[in-house]
Every structure is written in C-alpha cells, then in structure tokens.
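Below: one structure, written as structure tokens.
First the proteins, then the strands, lettered A, B, ... as listed; each starts at 1. Side chains are part of it too, since the values below use all heavy atoms of this structure and drop only hydrogens, waters and symmetry mates.
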Number of protein chains: 2
Amino acid sequence: MKRQEASENGRTGAVSIRSVAERAGVSIATVSRVLNTPDKVSQATAERVREAIEDLEYRPNLFAKGLLTKRSRVIGVSLPDIHGEFYSELMCALDDRACALGYHLLVSSNAHRVERGPGNGFALDLVDGMIVMLTERTGVDIEGISKLSHPAVVIGFDEPGLEVETIVVDNQTGARKAIEHLLSGNTPDRCYFVGAHRGNIDSDERLNAFCAALRERGHEPRSDQIARREFSFDWGWEWAEGMIDEGLLEDVAVFAANDEIAIGIANAARDRGVDIPGSLRVVGFDDSRLCSLLRPKLSSVRMPVREIGHAAIEAIIRRIEEPDSAPRHARLATTFVQRESSGLS
Amino acid sequence: MKRQEASENGRTGAVSIRSVAERAGVSIATVSRVLNTPDKVSQATAERVREAIEDLEYRPNLFAKGLLTKRSRVIGVSLPDIHGEFYSELMCALDDRACALGYHLLVSSNAHRVERGPGNGFALDLVDGMIVMLTERTGVDIEGISKLSHPAVVIGFDEPGLEVETIVVDNQTGARKAIEHLLSGNTPDRCYFVGAHRGNIDSDERLNAFCAALRERGHEPRSDQIARREFSFDWGWEWAEGMIDEGLLEDVAVFAANDEIAIGIANAARDRGVDIPGSLRVVGFDDSRLCSLLRPKLSSVRMPVREIGHAAIEAIIRRIEEPDSAPRHARLATTFVQRESSGLS
DNA sequence: CTGAAAGCGCTTACAG
DNA sequence: CTGAAAGCGCTTACAG
C-alpha cells in the first residue's frame with residue numbers, strides 16, 4: 001500500500017521530497033524546512049508533513065543533499081593496517097565516538113596515497129574529513145594531506161609548524177619507566193631492544209628511550225643489543241631462537257617494541273626451557289588484551305588506544321564544523337604496566 | 001598557479017567540470033564523456049581534456065555524480081561487533097577485496113537496526129549495498145533487510161526461501177570432527193560444552209553437533225555438561241574455576257564454542273595446576289591467531305574468515321551490478337585443526 | 001510562516 | 001564526434 005502510493009510519484013518509483021510535499025499539500029521548500037529548520041515552520045504544517053513523511057517512508061536523497069550542503073556526515077579513516085589488537089581497538093573507539101556524534105566511518109587500509117587523477121573514483125571525496133594514521137617516517141606526504149580538499153587529522157606523526165591537527169603518543173614516558181624497571185634488575189650491558197625496522201616512528205622513539213636510559217647509566221649500547229625488523233610474533237621468535245642458539249639468552253632483560261614481538265620472544269624462550277622472568281625478563285608495548293592472556297602475564301606499556309580514537313573523532317569533527325579554528329596538537333601519555341614477565345614485583 | 005586558475009571559475013573556488021570544459025575549449029558534456037565513455041570522444045579532444053583535468057587537478061563531485069548514477073562505489077558493512085581477532089580478520093578480508101574491486105567500505109557496528117525516520121541522517125543511504133552480519137537468532141529483521149532500498153548480503157544467517165543473498169558457515173562438519181577427536185580419548189559423560197548464550201546462532205549449532213555426537217555414542221548429555229553464557233575469556237575462566245573448585249576438572253574433555261572461552265579455561269586450569277592435555281583436553285573454535293600463540297597451542301576449528309569476507313564482497317557487488325540475478329546461498333566449510341591442547345597426537 | 005525559483009555539479013538522451 | 005538542454009533531488013535566499 002504505502003509502497004504503492006510512494007511510487008505514484010517520480011519516475012524512479014522512489015519517494016522524493018516532491019511526493020511528500022504533494023501528500024502534505026505544501027511546497028517542497030516547506031518539507032525541507034520541517035527536516036532541517038523545524039522552528040521556521042508552523043506546528044500544524046510540520047505535523048502534516050511529518051505524517052506524510054512517515055506514511056511514505058520518505059528518506060532524503062543524501063546525494064542531492066550533499067551536493068548542496070557539501071556534507072555527508074562520513075569520516076574517512078585511513079590506517080596503515082587493519083589487523084591486530086591495536087587497530088581493532090582503535091576502530092572500535094573511532095566507531096563508538098563517531099556513532100555517538102552522528103557520523104559514519106569510511107575505512108580503508110589501502111588508501112593512504114593521495115591518489116592523483118580523477119578516474120580513480122576515490123569515494124574519499126564523499127567524506128567530510130579524513131583521519132590518517134601514519135607509522136612511517138618516510139613517504140609521509142603530510143603536504144598532500146594538508147592540501148586535501150577536506151580537513152584532516154593525523155595520528156602518529158607530529159612536527160613543529162604542521163598545518164594539520166595531530167594526535168601523537170608520548171612513547172618516551174612509558175618506555176622510560178619500563179626500561180628503568182628492567183635496569184633495576186639487570187645491568188645495562190645485559191639489556192636488549194627488539195623492535196621494528198628503522199623508520200617506523202614508534203619503534204624508533206622507543207629505541208631512543210632505551211638508548212638514553214642505558215647511556216645515563218654510563219653504558220653505550222652495543223649494536224648487538226639492538227635488533228630491528230618488524231612488529232611481528234615471528235620476528236620476536238626468530239630473534240630469541242638466535243640468541244638461545246648462541247647461549248646468550250640468560251640473565252637478560254628485553255624491551256620489545258610491541259607485544260607481538262614480546263610474545264614471540266617469550267614463547268621461544270618457554271619452548272626452549274628459558275625461565276621467565278627468572279632468566280629472561282621481557283616487557284612489551286601496547287598493553288593489548290594478549291598481555292593478560294599469556295602465561296606468564298606480559299608486562300607492557302599501555303597505549304591509550306581508546307583515547308586516541310576518541311580524540312581523533314572529536315578533532316576531525318571540530319575541524320569540519322569550525323574549519324577556521326587553529327589546528328591543535330595533542331600528545332597522549334603512555335604508562336608502564338608491570339606483570340609477571342618482568343618479575344621483581 | 002594551478003589553484004589560481006582553478007578558482008577563476010565557479011563561486012566556491014572548487015574546480016568543477018565547467019572550468020575543465022572552458023580550459024579545454026569544449027562543452028561539459030564532452031568532459032563528462034572523456035571520463036565515463038572515452039571511446040565516444042576523439043583522440044585529440046580527449047587529450048586536451050585530460051590535460052585540462054590534470055592542470056586543474058579536477059576531481060568530479062561525487063555527490064552530483066551519485067545523484068545521477070545512484071552509485072557511490074561504497075559498500076556498507078554492519079557487524080555485531082568490531083572487536084576481536086575474528087572481526088579484525090573479517091574486516092581485513094572485506095577491505096582487501098573491496099579495494100581490489102574499486103569499492104570502499106562504510107563500516108559500523110552500531111547500525112544493525114534498520115532505523116526508522118528520516119531525520120537520523122543515516123549515511124547508509126549513500127551506499128550501493130549492504131553486508132550485514134548476524135549472530136543472533138532473535139531480533140533479526142531479515143524482512144527489513146530485504147526491503148532495504150539497496151541490495152544486501154547477509155552473513156551468518158540462512159533460512160529456506162530467503163530473498164536475500166546469504167553466506168553461512170557449516171559449523172556442523174568442523175565441530176563434529178573436533179568432538180569425535182575428543183571422544184576418542186574421553187567417554188561421552190566426561191565431555192563438556194562451554195558456549196555463548198542460547199540464541200547465538202553459532203554457539204547453538206556447535207552445541208547441536210556436540211549433543212548429536214554424544215547421543216550417537218548412546219549418552220544423553222546431562223544438563224551439567226552444557227554451560228552457556230558468552231563468547232569471552234572471562235566466562236571460560238569462571239567456568240573452569242567453578243569446575244576446579246568442585247573437583248570436577250579432572251580427566252575431562254571440553255569443547256569450547258570459541259577460542260576465547262577455550263583460552264579462559266586453559267588459563268584457569270594452568271594457574272590451578274591442572275595439566276593440559278593430560279588431565280584436561282580443550283578444543284576451541286575459530287582458529288584465530290591466538291591458538292598458536294598460547295602454550296600449549298590450542299586445538300581449534302578453523303573458520304574460513306577470509307573466504308567469508310571475499311565471498312561477501314563479491315556477492316554484494318554482483319547484486320549491485322546485476323540486481324535481477326537470483327540471490328545465492330553459500331555455505332563454507334569449517335575444519336578441525338589439532339594442536340597440543342587436546343593431546344592424543 | 002510559506003512558496004516560486006534558482007542552482008548545486010554532474011549525466012544522458014537528443015539533435016546535428 | 002560534439003553541444004545545448006533537461007533533469008537528478010535537494011536547499012536556500014528572496015519575496016510575500
């Protein structure tokens with residue numbers, strides 16, 4: 001029935017603002033006002049229009065609306081990756097906040113590159129703003145991002161004088177605490193750093209904290225104390241296997257640049273009979289759910305993932321709604337969380 | 001410079017198809033053709049237009065385009081949740097495939113409900129189609145989904161005669177293998193099922209497989225052999241603690257309805273000194289990455305997550321592009337993966 | 001408070 | 001192969 005009436009109108013059979021107007025006996029302008037500026041419409045009229053809308057199950061065409069308002073209430077999210085606990089949690093936080101504020105998320109892990117050329121059909125042009133997370137120091141194209149037609153918020157990269165809003169994490173503080181903790185039980189020359197490849201922003205910063213702490217104790221880190229490849233379980237595993245093979249993984253402390261690496265190390269150690277934390281003390285980074293799932297439970301440095309997500313959504317919405325406000329630069333704290341894997345309660 | 005020229009035109013300063021046309025000395029229709037049906041344009045003209053497009057960095061307004069074509073190349077994805085290994089992997093698979101096929105993903109875990117009323121500003125109307133994942137038997141509103149203005153694909157729920165395309169998993173087969181494996185080492189009266197609440201489709205199906213297998217061995221499952229609450233680590237933990245307190249967790253086999261529950265159980269057992277798999281054998285479900293990270297490694301039933309994701313994208317695109325084709329109904333297999341936690345190599 | 005009208009930036013028959 | 005024109009479904013000054 002309703003469907004029937006609906007398709008009376010327009011050529012496509014879809015319910016348009018016109019059908020609502022006809023049914024309510026008003027102009028389409030009035031229907032529009034009922035929807036967008038209800039206070040400019042008389043009670044009675046508004047009521048009639050609302051009924052018509054309901055009867056017809058009318059829903060405004062968002063393309064037409066967007067064409068005029070240049071708004072879609074969609075936020076683009078570009079991540080270096082989607083997989084893993086960290087991104088999973090981040091997505092949740094983004095989604096929750098966006099949803100609460102009436103926005104939707106257009107997500108992609110494949111769309112960093114500010115693609116040239118129009119043919120690409122980049123749906124990204126539908127968004128009101130972009131949240132871009134960066135993890136690599138190179139190939140960043142912050143230029144491109146800030147020249148984007150939409151406002152943008154960058155997660156993970158900051159630099160003095162940047163014209164875009166940024167949200168970064170203070171790797172330093174948490175890392176420092178973790179390393180101090182390791183140094184309270186092991187001498188500096190028996191401490192190791194296992195991280196991702198050079199150029200990864202977080203890994204590099206965590207490494208810096210590591211080196212600084214060792215130097216403060218008067219020990220210049222040897223190159224064999226620093227191992228870098230990638231944020232993966234396998235890499236941690238491989239590193240630990242190598243160390244064990246050389247009889248080196250005894251009475252040492254390891255600061256891993258993320259939890260996955262730490263878990264790889266811990267598993268290898270366990271499988272090869274190295275006692276944790278007796279003979280090997282390990283601390284990870286991220287404080288993902290995995291930390292408490294493992295045995296021994298993994299000490300780690302907490303990343304404020306939800307805070308990052310919430311801040312990013314709030315920031316991008318602020319920039320969308322107040323484009324002329326000055327871009328802010330947030331820095332969120334990390335905190336050391338001690339558990340079993342690093343002993344010395 | 002370029003920017004300058006760009007803003008010569010239109011009131012907004014944005015580059016429109018008009019500015020491109022002027023610069024190339026053609027009509028806007030021709031510009032449009034170069035972009036959409038290049039074969040209908042002469043080489044020379046096309047070349048000039050392309051240059052203008054490049055110089056001006058023109059990108060078509062997707063709202064205007066969508067208004068005409070009713071296409072955005074955006075696929076809506078509605079999930080019951082975003083968190084956890086399963087959804088994380090699913091999102092990856094969806095994103096990869098969508099990206100490869102030139103589509104984008106509009107994701108939400110908060111948008112199942114086919115919201116009434118227009119005011120809601122549901123950006124979902126911007127999508128070309130929806131992928132909806134269902135996990136609960138009740139409150140499903142398949143009706144609503146199939147009446148959506150866009151094509152839809154449902155993951156996780158199937159029923160004879162459904163008008164929407166569906167993709168489900170064959171819980172039966174994999175679960176059956178897992179339980180047979182457990183029954184090869186424990187008597188039916190010493191087997192337990194720990195799952196999610198009644199009404200959860202997957203949990204129920206896995207339970208059915210469990211019961212069927214026990215009955216085949218001539219044992220009617222006692223009510224205390226079946227425990228249901230939720231898909232969580234904590235629930236598994238709590239259940240195991242209870243069993244241990246009553247001295248019941250000895251020489252038993254547990255089929256957990258997902259990996260998280262299984263891990264909770266395994267951890268509780270470990271912390272309380274129950275030997276796995278010596279005294280307790282456990283099998284999970286999902287075969288998430290966690291299985292290999294734990295010690296002992298967790299036996300599980302593999303969910304074809306990537307396959308589900310890829311199939312869903314391909315299905316929705318097929319429905320978008322060929323709306324009149326008959327909806328298909330796919331059923332993907334699950335397979336048992338034996339590891340250490342269930343012993344009996 | 002309400003309506004007629006212009007226009008957002010495109011696509012697509014329709015002529016030529 | 002190309003252009004003039006209509007129109008997609010809305011919003012928003014502008015009058016009244």
Side-chain angles (χ1 to χ4, degrees), chain A residues 6-7 9-50 52-53 56 58-73 118-119 121 123 125-126 149, chain B residues 6-7 9-50 52-53 56 58-73 118-119 121 123 125-126 149:
Chain A
S7 47
N9 113 99
R11 36 217 352 109
T12 59
V15 195
S16 79
I17 196 173
R18 181 140 280 117
S19 26
V20 177
E22 278 169 15
R23 186 180 180 100
V26 297
S27 73
I28 61 168
T30 298
V31 176
S32 178
R33 287 193 197 98
V34 171
L35 257 21
N36 300 308
T37 49
D39 26 296
K40 295 190 180 175
V41 182
S42 81
Q43 284 287 322
T45 316
E47 197 43 52
R48 252 185 314 140
V49 172
R50 289 219 183 74
I53 288 175
L56 265 28
Y58 166 67
R59 308 174 68 171
N61 179 314
L62 262 28
F63 291 109
K65 184 165 188 163
L67 183 54
L68 276 296
T69 62
K70 298 175 181 320
R71 287 290 171 74
S72 60
R73 299 194 78 84
D125 285 339
L126 285 171
S149 33
Chain B
S7 46
N9 112 101
R11 36 219 350 112
T12 58
V15 194
S16 79
I17 195 173
R18 181 142 279 118
S19 26
V20 176
E22 278 167 15
R23 184 179 182 100
V26 297
S27 73
I28 61 168
T30 299
V31 176
S32 177
R33 286 192 198 98
V34 171
L35 258 22
N36 301 308
T37 49
D39 26 296
K40 294 190 180 173
V41 182
S42 80
Q43 283 286 324
T45 316
E47 198 43 52
R48 253 185 312 140
V49 171
R50 287 218 184 76
I53 287 176
L56 265 28
Y58 166 66
R59 308 173 68 171
N61 179 313
L62 263 27
F63 291 110
K65 184 164 187 164
L67 183 54
L68 275 296
T69 63
K70 296 174 182 322
R71 286 288 170 76
S72 60
R73 298 194 79 84
D125 285 339
L126 284 171
S149 33

DNA chain D: 5'-proximal contact among B:A64 and B:V41 (nearest heavy atom):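 The 5'-side residue here is B:V41.
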
Taking C-beta and beyond as the side chain, do [X] and [Y] meet within less than 4.5 Å on heavy atoms?
| X | Y | value |
| --- | --- | --- |
| B:V49 | B:V41 | no |
| A:V34 | A:T45 | no |
| A:L35 | A:K65 | no |

May I have the distance from [X] (atom [atom1]) to [N] (atom [atom2]), rounded to whole angstrom?
| X | N | atom1 | atom2 | value |
| --- | --- | --- | --- | --- |
| B:R59 | C:dG9 | CZ | P | 16 Å |
| B:L68 | D:dA5 | CG | P | 18 Å |
| A:R18 | D:dT11 | CZ | P | 12 Å |
| B:L67 | D:dG7 | CG | P | 14 Å |
| A:K70 | C:dC10 | NZ | P | 9 Å |
| A:L126 | C:dC8 | CG | C1' | 15 Å |
| A:Q43 | C:dT2 | CD | P | 11 Å |
| A:N36 | D:dA13 | CG | C1' | 15 Å |

Nearest of [options] to any side-chain atom of [X]?
| X | options | value |
| --- | --- | --- |
| B:R33 | D:dC10, C:dA13, C:dC10 | C:dA13 |
| B:S42 | C:dT2, C:dT11, D:dC1 | D:dC1 |
| B:K65 | C:dC10, C:dC8, C:dA4 | C:dC10 |
| B:T69 | C:dT11, C:dG9, C:dT2 | C:dT11 |
| B:S32 | D:dT11, D:dG9, C:dT12 | C:dT12 |
| A:A29 | D:dG3, C:dC10, C:dG3 | C:dG3 |
| B:Y58 | C:dC10, D:dT11, D:dG9 | C:dC10 |

Counting only side-chain N and O atoms of [X], is one of them less than 4.0 Å from OP1 or OP2 of [N]?
| X | N | value |
| --- | --- | --- |
| A:N61 | D:dC10 | no |
| A:S27 | C:dG3 | yes |
| B:T30 | D:dG3 | yes |

Shortest non-hydrogen contact from [X] toward [Y]:
| X | Y | result |
| --- | --- | --- |
| B:R50 | B:P38 | NH2-CB, 4.1 Å |
| B:F63 | A:D125 | CE1-O, 4.4 Å |
| B:L126 | A:L62 | CD2-CB, 3.6 Å |

Whole-angstrom distance between D:dT12 and D:dG16, as gauged at atom C1': 16 Å

Sugar-phosphate only, base, or nothing, as touched by B:V31 at under 4.0 Å among non-hydrogen atoms: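 B:V31: no heavy atom of the nucleic acid under 4.0 Å.
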
A:K40 or A:I28, whichever maps to the more 5' nucleotide of DNA chain C: A:K40

G-U wobble or Watson-Crick pairing nucleotide for D:dT2 (cut-off 3.5 Å, both distances): C:dA15

